[in-house]
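Residue indices begin at 1 and follow the sequence shown. In listed order, ligands and their atoms are each counted from 1. Every heavy atom of this structure was used, including side-chain atoms; hydrogens, water molecules and symmetry mates were not. In this text the structure is predicted, and so the values were computed from the model without any measurement.
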Amino acid sequence: MRSAIRATFLHFIDQPDFAANTGYEYYGDGVMVINNGLIEAIGNASEILAHLDSSVTVDSSNVGKLIIPGLIDCHTHFPQIDIVAAYGEQLLDWLNNYTYPAEQRFGESGYGDAVAEKFLREGFRNGTTTAMVYCTVHPESVDAFFSASEKYNCRMIAGKVMMDRNAPEELCDTPEQGYEQSRSLIARWHGKGRLAYAVTPRFAPTSSSEQLTLAGRLLREFPDLYLQTHVSENLAEVAWVKELFPECDSYLQVYERHGLLGERTVLGHGIHLNDKELGLMAACGVSIAFCPTSNLFLGSGLLDVERCESAGVNVCLATDIGAGTSFSMLKTMRAAYEVSQLRGHSIPPLRAFYNATLGNARALKIDHYVGNFDAGKEADFIVLDTEATPLLRYRMGLCNNLQEKLFVMMYLGDDRMVASTHIMGKMVHSSTDNIERRN
Ligand code: GUN
Ligand code: ZN
């Protein structure tokens, strides 16, 4: 089951250092050898081909294209593909008027199956191979998402939303149901193939203290679970949490008191956190998922990435579909760049591509499996056609170095640039596949 692919390759071995020009490997004419879905070797074509067993076929159909690791999305909601681009409102009204009505449909038998399939395929079209995903309160939605992920054998982290108050009755569980349902989903899915479970209380306003306590209990019972929730996204939300949990000093302290903060915790947004909260996050090793298209769409605010990183907080990058407006991590990198510009900082393109690959893999603690092309890692990769549109072709032709090219790619590139997407070496999307385009 060995195969080899010849193309241009870029991947990161560490956070890039721009001054020293380190942290990445680039092979203008490279070959990657894949054995049973895992990467066996990568290097310059002349060196790899000289030692390659002559029985291994070399696929040269992608010569001239750029191969990078599959993109990783650290925070998204699969059921919300149904409401992406729903007009208007800020967070709390948007939840009540669009999100909750849409999520209720996932209680209907079979509904989630087709949506999960659609969501994964849209991700593949955009070059995303791994994500950390919210399902709905219905356990069936988690079964739907993990079943579809298992079919494609993709590395996914997901969980059932827990919420027992301040939401429509049809969408509420109880603390005990939330705990028991999560527990049986963990037994069914966590660690099965490439799948992992995230305990998923929606956010402090929709979970009672009893429910958050039981979420913390799950984390203590199964220490390798993840925890995902939202924090400090919107000022009205922050004020509401203060009313609901008057005994806590801050929004983040609500989660701390219930034992929800650790290295496997990813908190969405975190725009309005104070310095003390950032210090607590850093001390606990929690990551913030920066969701720039969502934060702009809901008018939530401009995350100051530099401030978070200076406080020692790890920031990862995410689409947050369906408040987020694009499945494309390239477009998300672009939005992150623009938000940071408004905060007075520029994100260098090498750093942006690192963030969407190895950086996000590190945030999700899966960098020993994916995120780059080190030998032994899982062969999740995407083939980029950097001449996919007339403007891309023209502008790329005027670039003098890799940094310039990457910046043009993240600005002018989108799903049209993703020629194909591969999971464990197997193609799951091709832009030239007509059957797929019709779906
Ligand atoms: N806060 C609580 N739930 C949600 C959600 O579904 N989307 C966003 N953007 N924020 C939330
Ligand atoms: Zn979210």
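Looking at heavy atoms from C-beta onward, D385 lies in side-chain contact with K65 at the 4.5 angstrom threshold.
Rounding to the nearest 0.5 angstrom, the gap separating the CG atom in D82 from the CD1 atom in I321 is 11.5 Å.
Annotation: atom 6 (O) of ligand 1 to nearest protein heavy atom, R202 NH2, 2.7 Å. Ranking the protein heavy atoms by distance from atom 7 (N) of ligand 1 puts W94 CZ3, 3.4 Å first. Scanning the protein heavy atoms around atom 1 (N) of ligand 1, the nearest turns out to be H230 CG, 3.5 Å.
Residue-to-ligand polar distances place E233 within reach of ligand 1: an N/O pair is separated by less than 3.5 Å. Any N or O atom pair closer than 3.5 Å counts here, and Q80 shares at least one such pair with ligand 1.
Taking the six-membered ring for Trp and thresholds of 30 and 60 degrees, H230 and F203 have ring planes more than 60 degrees apart, a perpendicular arrangement.
Using a cut-off of 4.0 Å between Lys/Arg side-chain N and Asp/Glu carboxylate O, R155 and D380 are scored as not salt-bridged. Salt-bridge formation is detected for the pair E108/R105: a Lys NZ or Arg NE/NH1/NH2 atom is positioned less than 4.0 Å from an Asp or Glu carboxylate oxygen.
For Y24 and F353, the ring centers sit 6.0 Å or farther from each other. When ring centroids are compared, H75 and Y134 come within the 6.0 Å threshold. Checked against a 6.0 Å centroid threshold, the rings of H422 and F381 count as neighbours. H190 has its ring centre no less than 6.0 Å from the ring centre of Y197.
Atoms of ligand 1 found under 4.0 Å from any heavy atom of H77 (numbered from 1 in listed order, with element): 5 (C), 6 (O), 7 (N). Within the listing of ligand 1, atoms 9 (N) sit less than 4.0 angstrom from a heavy atom of A323.
The Zn ion (ligand 2) has H75 NE2, H77 NE2, H230 NE2, D320 OD1 as protein N, O or S atoms under 2.8 Å away.
Proximity of H269 to ligand 1 is established by a heavy-atom distance of less than 4.0 Å.
Remark: the backbone N or O of T200 is not paired with any side-chain donor or acceptor of Q228 at under 3.5 angstrom.
Here T206 has no heavy atoms under 4.0 Å from ligand 1, in either its backbone or its side chain.
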